[in-house]
J.: 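For reference, the structure I am asking about is given below.
Everything numeric in this text was worked out from a predicted model, so none of it was measured. Sequential numbering from 1 along the given sequence is applied to the chain's residues.
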Amino acid sequence: MSNANVKLDEVVTLYDSLHKTPPGYKDEGYPMIRVTDIRRGFVDTNGTKRVDYETFREFSKKHRPTVGDILFTRVGSYGNSCFVNRDEEICLGQNTVCITPAQKRLDPYYLYCCLNSEVVSAQIESFVGGASQPTISLRNIKEIEIPLPDLPTQRKIAGILSAYDDLIENNLRRIKILEQMAQSLYREWFVHFRFPGHESATFKGSELGRIPEGWEVKKLGELADQMRRGVSKGKLDEVTRYVGLEHIPRQSLALDAWEEVIELGSNKLLFERGDVLFGKIRPYFHKVVVAPFDGVCSADTIIIRAKKPDHRALVTFCVFTEAFVAHATATSNGSKMPRTDWKVLKDYPLVLPPKDLLARFSTLSETAIDQQQNLVKRNQTLRHSRDLILPKLLNQK
């Protein structure tokens with residue numbers, strides 16, 4: 001098997017995004033894929049910002065991504081890529097690149113696997129520059145080298161590796177289903193008051209409207225605290241897991257990315273397993289996760305910890321609701337980089353049910369969260385196995 005390396009510029013066409021901000025986003029319309037939307041895997045337009053037809057047409061002048069293309073980030077969370085596996089009308093947001101392989105020489109999925117390999121990741125790291133934000137230039141992307149066996153071999157390798165990705169995608173779907181089930185339970189019991197036994201319940205007036213007898217209205221700050229234990233920049237005593245805002249997914253409680261660090265470039269915050277990490281910059285991004293381990297995180301994160309273990313599930317699903325995120329957005333300060341503040345969020349009202357009902361909800365929802373985190377671990381193992389097998393497949397004679 002001949003595995004001569006080639007530069008990407010020889011086997012792909014690169015389409016850069018327009019270097020401008022769209023005039024505005026819409027509730028409905030055409031998905032605009034931005035840096036924060038591109039995570040390893042397939043393109044997922046759930047939760048992406050949308051634009052009207054005129055904006056879509058303007059941002060699609062150079063190229064509209066199609067099946068077999070790869071979307072790649074080059075500023076901020078640089079080097080992330082996702083594979084376009086279905087035909088959908090999408091356009092590129094700022095600081096993203098569409099990579100179109102020359103399919104007579106290069107299998108698209110094989111290229112995607114190469115871009116996510118350790119060898120290419122090391123090349124990307126060596127190219128990174130930028131003063132205010134880490135950036136990889138178009139020129140450097142073109143310089144990335146990949147091994148290029150013949151097409152039948154590429155397709156064989158892509159077929160083997162895609163089996164891993166299919167398992168990963170299946171687990172991601174299961175994670176989403178578990179999340180939706182727990183959200184639906186919270187909404188039914190604590191918003192619509194259709195909890196077990198609601199048929200015989202009597203109601204009373206409150207500042208939130210009519211609520212069941214025996215329930216109370218509390219402020220979030222009565223049930224949870226903001227944790228602000230700091231860690232100074234510099235060397236750490238041991239390798240520690242670090243969660244930046246770029247690692248927190250949008251509209252998902254399941255944290256599936258982080259770094260392991262031994263040194264911090266700036267001051268961070270300590271969090272513990274079970275804490276809620278809430279991204280306070282641009283809260284409309286809906287970056288809210290449950291920490292699956294102890295670690296450190298960006299100082300632009302609000303760490304929310306229930307005062308009592310019994311209240312943890314209620315607090316978690318309250319701050320994950322669209323209503324809470326909308327409140328955080330409406331009360332944030334700043335125009336370009338709006339930030340929300342715990343001093344405001346702690347006054348958010350929520351209902352506290354009787355202990356027996358709260359215990360039932362906690363058991364059901366925390367079981368769902370535990371299952372989510374187990375699926376994340378499985379995906380981590382699958383990704384690691386996939387990454388290990390690629391060089392072995394390339395080296396087969």
Side-chain angles (χ1 to χ4, degrees), residues 1-16 33 37-44 62-74 78-88 90 92 96-127 136-172 378-397:
M1 179 190 302
S2 175
N3 290 336
N5 284 3
V6 296
K7 293 182 178 179
L8 280 192
D9 196 35
E10 300 176 44
V11 288
V12 306
T13 304
L14 295 181
Y15 298 95
D16 196 10
I33 308 299
D37 299 316
I38 297 177
R39 298 169 67 82
R40 194 165 175 177
F42 299 126
V43 171
D44 183 0
K62 292 182 180 179
H63 179 69
R64 182 175 73 82
T66 56
V67 174
D69 285 350
I70 295 155
L71 308 186
F72 186 89
T73 61
R74 64 181 199 84
Y78 60 87
N80 289 338
S81 63
C82 60
F83 188 78
V84 182
N85 67 328
R86 64 179 183 272
D87 194 19
E88 187 172 4
I90 58 178
L92 295 178
T96 60
V97 176
C98 183
I99 303 175
T100 300
Q103 296 196 20
K104 290 184 178 180
R105 297 190 63 193
L106 188 58
D107 180 84
Y109 204 79
Y110 169 79
L111 171 61
Y112 166 73
C113 294
C114 285
L115 290 175
N116 285 288
S117 67
E118 292 183 0
V119 172
V120 170
S121 295
Q123 292 181 61
I124 291 171
E125 288 295 331
S126 71
F127 290 142
I136 178 170
S137 68
L138 277 179
R139 179 176 60 82
N140 286 144
I141 295 173
K142 293 177 181 179
E143 292 291 312
I144 292 173
E145 292 189 359
I146 61 168
L148 192 70
D150 56 58
L151 263 177
T153 301
Q154 292 179 40
R155 289 168 181 152
K156 179 182 176 183
I157 291 172
I160 293 170
L161 298 180
S162 67
Y164 285 87
D165 288 325
D166 288 343
L167 291 171
I168 290 168
E169 286 299 311
N170 184 53
N171 286 339
L172 290 174
R378 289 188 198 177
N379 276 356
Q380 294 281 344
T381 301
L382 286 166
R383 289 189 179 108
H384 182 65
S385 299
R386 180 192 58 192
D387 293 345
L388 287 176
I389 201 172
L390 176 58
K392 294 178 181 177
L393 292 171
L394 287 169
N395 291 327
Q396 284 181 357
K397 301 299 182 183

J.: Could you check whether any side-chain heavy atom of Pro147 comes within less than 4.5 Å of a side-chain heavy atom of Tyr110, counting everything from C-beta outward?
T.: yes
J.: Check this for me: does any side-chain nitrogen of one of Glu143 and Lys7 sit under 4.0 Å from a carboxylate oxygen of the other?
T.: yes
J.: Between Leu8 and Leu115, is the side chain to side chain contact (heavy atoms under 4.5 Å, CB included) condition met? List the steps.
T.: CA-CA 10 Å; Leu8 280 192; Leu115 290 175; 4.1 Å; yes
J.: Would Tyr78 and Glu125 satisfy side-chain hydrogen bond (donor to acceptor under 3.5 Å, both in side chains), going step by step from the backbone distance to the final call?
T.: CA-CA 9 Å; Tyr78 60 87; Glu125 288 295 331; 2.9 Å; yes
J.: Are any side-chain N or O atoms of Asp69 and backbone N or O atoms of Thr66, one a donor and one an acceptor, separated by less than 3.5 Å?
T.: yes
J.: Go through it in stages, so that I can follow the logic: the residues are Asp16 and Lys62, the test is side chain to side chain contact (heavy atoms under 4.5 Å, CB included), and I'd like the CA-CA distance, side-chain angles, deciding distance and then a yes or no.
T.: CA-CA 8 Å; Asp16 196 10; Lys62 292 182 180 179; 4.2 Å; yes
J.: Work out which heavy atom in Pro108 is nearest to a heavy atom in Ile70; give both atom names and the distance.
T.: O-CD1, 3.6 Å
J.: How far apart are the closest heavy atoms of His63 and Thr100, and which atoms are they?
T.: NE2-OG1, 3.5 Å
J.: If you apply the rule side chain to side chain contact (heavy atoms under 4.5 Å, CB included), what do you find for Val67 with Asn85, and how did you get there?
T.: CA-CA 5 Å; Val67 174; Asn85 67 328; 5.8 Å; no
J.: Verify, without hydrogens or angle tests, whether Gln154 (side chain) and Arg105 (backbone) share a donor-acceptor contact under 3.5 angstrom.
T.: yes
J.: Does some side-chain heavy atom of Ile168 sit less than 4.5 Å from a side-chain heavy atom of Arg386?
T.: yes
J.: Using 0.5 Å steps for rounding, measure from the NZ atom of Lys142 to the OG1 atom of Thr13.
T.: 9.5 Å
J.: Who passes side chain to side chain contact (heavy atoms under 4.5 Å, CB included) against Thr381, sequence neighbours left out?
T.: Ser385
J.: Taking the side chain as every heavy atom from C-beta outward, state whether Ile141 and Phe72 have any atom pair closer than 4.5 Å.
T.: yes
J.: Distance from Leu14 atom CG to Ile99 atom CD1, nearest 0.5 Å?
T.: 5.5 Å
J.: What's the spacing between Ile389 CD1 and Leu161 CG if we round to 0.5 Å?
T.: 6.5 Å
J.: Write down the atom of Gln103, the atom of Arg155, and the distance for their closest heavy-atom approach.
T.: O-NH2, 4.4 Å
J.: Given the rule in the side chain to side chain contact (heavy atoms under 4.5 Å, CB included) test, do Thr96 and Ile33 qualify, once you have shown the distances and angles that lead to the verdict?
T.: CA-CA 8 Å; Thr96 60; Ile33 308 299; 5.5 Å; no
J.: With sequence neighbours excluded, tell me which residues meet side chain to side chain contact (heavy atoms under 4.5 Å, CB included) with Ser121.
T.: none
J.: Show the nearest heavy-atom pair for residues Leu390 and Cys113, with the distance to one decimal.
T.: CD2-O, 3.8 Å
J.: Grab the two heavy atoms, one from Asp107 and one from Ala158, that are nearest each other, plus how far apart they are.
T.: OD2-CB, 3.4 Å
J.: Enter the distance from Asp37:CG to Leu71:CG here, rounded to the nearest 0.5 Å.
T.: 10.0 Å
J.: Do Tyr112 and Ser81 come close enough that some side-chain heavy atom pair is under 4.5 Å?
T.: yes
J.: Atom CG in Asn140, atom OG in Ser126: separation rounded to 0.5 Å?
T.: 7.5 Å
J.: Is it true that, when you exclude Gln380 itself, more than 12 heavy atoms of the residues, nucleotides or ligands shown sit nearer than 6.0 Å to its CD?
T.: yes
J.: Give, for atom CD of Glu10 and atom CG of Asn5, the distance between the pair rounded to the nearest 0.5 Å.
T.: 10.0 Å
J.: Does a side-chain N-to-carboxylate-O contact under 4.0 Å join Arg383 and Asp165?
T.: no
J.: When you measure from the side chain of Thr73 to the backbone of Gly79, do you find a donor-acceptor pair of N or O atoms at a distance under 3.5 Å?
T.: yes
J.: Using a strict cut-off of less than 4.0 Å between a Lys/Arg side-chain nitrogen and an Asp/Glu carboxylate oxygen, indicate whether Arg64 and Asp87 qualify as a salt bridge.
T.: yes
J.: Please give me the minimum heavy-atom distance between Val11 and Leu148, naming the atom from each residue.
T.: CG1-CD2, 4.3 Å
J.: Would you call the rings of Tyr109 and Phe83 parallel, tilted or perpendicular, taking 30° and 60° as the class edges?
T.: perpendicular
